[in-house]
Structure formats: C-alpha cells, structure tokens
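These notes concern the structure reproduced below.
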Amino acid sequence: MPLLMHTLHVDLGERGYPIYIGRDLLADVRLLAQHVAGSQVVIVSNETVAPIYLAKVKAVLGQRKLITEIILPDGEQYKTLETLSTIFDRVMLDKHDRSTTFIALGGGVVGDITGFAAACYQRGVQFIQIPTTLLSQVDSSVGGKTAVNHPSGKNMIGAFYQPKAVLIDINSLQTLPARELSAGLAEVVKYGLISDEPFYRWLQQHMSQLLAKEEAVLAEAIERSCSIKARVVALDERESGIRAILNLGHTFGHAIETGQGYGRWLHGEAVATGMLLALKMSARRGWIAVSEVDDYRDLLLAMDLPVAIPEDMNAATFLALMSRDKKVIDGRLRLVLINSIGDACIVDDATERELRDVLQ
Ligand code: NAD
Ligand code: GLY
C-alpha cells in the first residue's frame, strides 16, 4: 500500500516543486499522473533499473497516447554527449512535441542526463525525477543541476533546469546494492557536516540501522537531507554563493573520479574521501579538533567507504586535476571547509603547501 510519509517543497517561485517521500509511491496512481500535463511521455531509465521498476511507472501513467521508453546502458561512462544524442534521436523519431514530459527513472546518471535532455529538447520540456538510488534521492534529483561529462571533466556540459516534481519511493532502495547505499549515505553525512550538527550526531548513532535499510530511519534521513538541500537551493539556485557548500569534498572527489576514469570509484565514495581531506584541512587550520577527523574516518570505515586516496594518485596529480575543476574562478581554487561540525565555509586561499600536506 502506498504511504506518503513527507511532502517537502523547493521554494523557487514559479519554478518551485514538491518532493514526495514515502513507501510504495511508484504504485500511487495519483501522485505521478497529476504532474504529467499532456498525453506524451518519455521515460528514460537504464538496463538495470528498467526491468525492476519501469512496468510500475507505466501502469500508473494509464492510457497516454504516446509513451516512449529509452533504456540506456548502465554506468557513469555513458553520461556523455553521445548518449544524449541517442535520446534526442529517439524522441524525434517518435515525434514528441513541446507538450511532452520526460521522466527520469534511475540513479543520478539517468537523472542528470534526462534533465539535461529535457532542458535542451525544443528549448525545454517538463520533466519529473523518480530517483532510485539513495544518492539521487537525497542529492541529484533535487536542485536542477543537469549535465553530462566531458573526457576532461565531470559534469562540464549542462544546465540548471528544475524538475516539476521529485518522487522518492523508499522501497526502491531494497534492491540497491550495499556499495551504492553506502555511497549515498556519504552524501547524507555531508548534510550533517555542512549545516546540521544534531543531524550528524544522529547519523553517527543510527548508522547501523541505515545500513540495514530500516524504513523509518531511512525516511527520516532522506527527509532531513532533502530539507537541507531544498533550503540551500531556494537561497541560491544557480550557485553564486551559499549553494557551493553542497560541494564539500567534491573538488577532491571529482579529481579522484576523473583521475581514475569515470565509473571505477563511485561518486559517493570519491566524495566521502574528499570530505575526509576537507576535514583534515579544516583541522590543520585549527577549526575543528583532530578527534573529529578521526570520528569521521571511523564512520567511513563503518560504512565500508574508502579512507585513503587511490594508490596511483599523489599530490601532483590531484593539483593538476583540481585546477581544471568548475570551482576554479579567475585561477583561484575555491574549496569548501568546515568551521565546526554543521557549519561549512568557502575558502579561496588554500596554499599549495597546505594541499600537499593533506594529500600526503
Ligand atoms: P548511478 O546512477 O550510476 O546508479 C548507481 C547504480 O545503481 C547503477 O548501476 C544503477 O543502475 C543502479 N541502480 C539504481 N537504482 C537502483 C535500484 N533501485 N536497485 C538496484 N540498482 C539500482 O549513480 P548515483 O550514485 O545514483 O548517481 C551518481 C551520479 O549523480 C553522478 O553522475 C554524479 O555526478 C551525479 N550527481 C549529480 C548531482 C546533481 O546535483 N545533479 C549531485 C550528486 C551527484
Ligand atoms: N550536488 C551539489 C548541488 O546540487 O549543488
């Protein structure tokens, strides 16, 4: 039986939208259908998610005139302009017009690429996010960042384009592999670190229940994460200021992902290690106690997440990759650090010496 547990709202005026969180929401005939305006739908999923969840989504869409299913190959390495082009080929072949609605059914890769396709197709059509990984439920489906990768950098080609609704069915996490769950939990922990110390302490206490996929605890973690993300996005939709705090650990993490080749390290794993480096740097500046860094490392170990940079990378490779990050503005690297647990800040004065020290 579908059970709507929480409804949040991303306050962006006419671009605002609801985030629905609950159990069995994919089987709710009303929830999704009310956000599909016309009779044309494009469902984009991938070869892993579609066999499990696509039929449910189609069932609640009823008798639309035109439903195009696009099943992408699975993997970060397919988050490319080439894949985007195959989406446009198919949508044009099926003659979708501007009234169509794109639905992203899958993790962050499917969500990011579908959102970007929706932003571009006929200069913008409606789209809905149905995120099925924890990472996509707490992060990528909310806030309108859409993109594909370029061989030289992650998410380098994209647009800010908000969905019309985000539908989070907690049940979908039951089929998610443990490694993916942990990667998503890294982003959940991020919210505690950047803006909510009580939430961070709660996560330290409830980690074993989260790893065991206990429904009520997962629902609370998702709701608290999405609330923080929605608040930050509402303040700074296009990341001209405060939104950058959501990138704690990401500049280091993107260097790992790019340096290792897309897909070897999961995004959440790279971010988890990146946050460890950011915490080390914060401790080196005397802003947080070294014991906080140790506690965070223990949390990563409990989550089975990596606590060291890849063996074949060193300070020089990191510095080269980080200098190409989107967070470099006018030649200055902007990094997110934390003043204290639950209070992030953005710095642009990191020295090469400091970076080399934490990367040792
Ligand atoms: P993903 O989309 O690759 O999904 C992870 C794996 O889980 C895939 O193999 C997928 O097929 C599988 N999967 C998805 N749902 C499943 C389910 N319910 N059951 C079983 N398997 C399932 O990875 P992700 O971690 O969801 O997202 C990572 C991507 O998100 C990266 O490309 C990253 O850049 C992007 N991202 C974007 C934002 C944003 O704001 N737009 C934020 C964070 C991350
Ligand atoms: N994941 C970072 C952001 O949405 O801004």
Side-chain angles (χ1 to χ4, degrees), residues 10 26 44-54 56 71-80 83 104-116 119 129-149 153-156 158-163 166 168-188 190-191 194 213 225-226 228-230 232-251 253-254 257-258 262-272 326-327 336 344:
V10 184
L26 289 184
V44 183
S45 191
N46 75 17
E47 60 201 7
T48 306
V49 176
I52 322 177
Y53 298 111
L54 183 59
K56 281 191 175 191
I71 313 300
L72 305 178
D74 186 358
E76 180 78 32
Q77 63 274 37
Y78 299 106
K79 193 175 149 184
T80 59
T83 306
L105 174 67
V109 169
V110 167
D112 278 14
I113 200 165
T114 307
F116 190 37
Q129 291 272 18
I130 306 184
T132 59
T133 62
L134 181 60
L135 185 139
S136 56
Q137 294 179 350
V138 298
D139 192 357
S140 61
S141 64
V142 176
K145 280 190 180 175
T146 73
V148 294
N149 298 328
K154 277 264 306 173
N155 297 329
M156 275 295 177
F160 284 98
Y161 195 68
Q162 302 293 341
V166 180
I168 299 175
D169 185 341
I170 289 171
N171 276 15
S172 63
L173 299 179
Q174 292 306 326
T175 55
L176 192 70
R179 185 178 169 199
E180 298 290 349
L181 184 77
S182 289
L185 283 170
E187 297 278 7
V188 173
K190 175 189 80 179
Y191 292 112
I194 60 172
K213 300 184 182 175
S225 301
C226 287
I228 295 171
K229 176 127 192 199
V232 173
V233 167
L235 288 170
D236 177 24
E237 183 183 7
R238 298 177 73 90
E239 199 172 308
S240 44
I242 183 86
R243 183 167 177 167
I245 66 169
L246 297 173
N247 297 317
L248 178 68
H250 283 57
T251 304
H254 284 168
E257 285 183 271
T258 307
Y262 300 129
R264 271 183 67 196
W265 277 51
L266 300 181
H267 176 74
E269 292 171 340
V271 166
K326 288 196 293 311
K327 275 85 205 169
V336 185

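Every number for a ligand or one of its atoms is a count from 1 in the order of the listing.
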Just to confirm my output: which protein heavy-atom neighbour is closest to [atom], and how far is it?
atom	result
atom 9 (O) of ligand 1	Asp74 OD2, 2.7 Å
atom 4 (O) of ligand 1	Thr133 CG2, 3.6 Å
atom 43 (C) of ligand 1	Asp139 OD2, 3.4 Å
atom 31 (C) of ligand 1	Glu76 OE1, 3.1 Å
atom 34 (O) of ligand 1	Lys154 NZ, 2.6 Å
atom 2 (C) of ligand 2	Asn247 OD1, 3.6 Å
atom 17 (C) of ligand 1	Thr175 OG1, 3.4 Å
atom 24 (P) of ligand 1	Gly108 N, 3.5 Å
atom 4 (O) of ligand 2	Lys229 NZ, 2.5 Å
atom 38 (C) of ligand 1	Ser140 CB, 3.2 Å

salt_bridge([X], [Y]) N-O dist < 4.0 Å:
X	Y	value
Lys145	Asp112	no
Glu76	Arg264	no
Asp169	Lys56	no

Next on the checklist: Looking only at the side chains, is there a donor atom on one of Asn247 and Thr251 sitting less than 3.5 Å from an acceptor on the other?
Outcome noted: no
Next on the checklist: Quick test of your reading of the structure: of Arg243, Arg179, Lys145, whose heavy atom lies closest to atom 41 (N) of ligand 1?
Outcome noted: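 Checking each option, the heavy atom nearest atom 41 (N) of ligand 1 is found in Lys145.
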Checklist entry - Which bit of Asp139 gets closer than 4.0 Å to ligand 2, counting heavy atoms only: side chain, backbone, both or neither? => result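 Under 4.0 Å from ligand 2, Asp139 contributes side-chain atoms alone.
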Next on the checklist: Just to be sure I read this right, does ligand 2 sit under 4.0 Å from the backbone of Val142, its side chain, both, or neither, counting only heavy atoms?
Outcome noted: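 For Val142, no heavy atom sits under 4.0 Å from ligand 2.
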Item to check | Mode of Thr48 contact toward ligand 1 - side chain, backbone, both, neither (heavy atoms, under 4.0 Å) | outcome: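 Within the 4.0 Å criterion, Thr48 contacts ligand 1 through side-chain atoms alone.
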Item to check | Where ligand 1 meets Asn46 - atom numbers and elements under 4.0 angstrom, heavy-atom basis | outcome: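 Within the 4.0 Å cut-off of Asn46, ligand 1 contributes 10 (C), 11 (O).
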Item to check | Ala183 touching ligand 1 at heavy-atom level, < 4.0 angstrom | outcome: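 No; Ala183 lies far enough from ligand 1 that no heavy-atom distance drops under 4.0 Å.
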Next on the checklist: With the threshold set at under 4.0 angstrom, would you say His254 reaches ligand 1 through any of its heavy atoms?
Outcome noted: no
Checklist entry - Which class fits the ring pair His267 and His250: parallel under 30°, tilted 30 to 60°, perpendicular over 60°? => result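 Geometry flag for His250 against His267: perpendicular rings.
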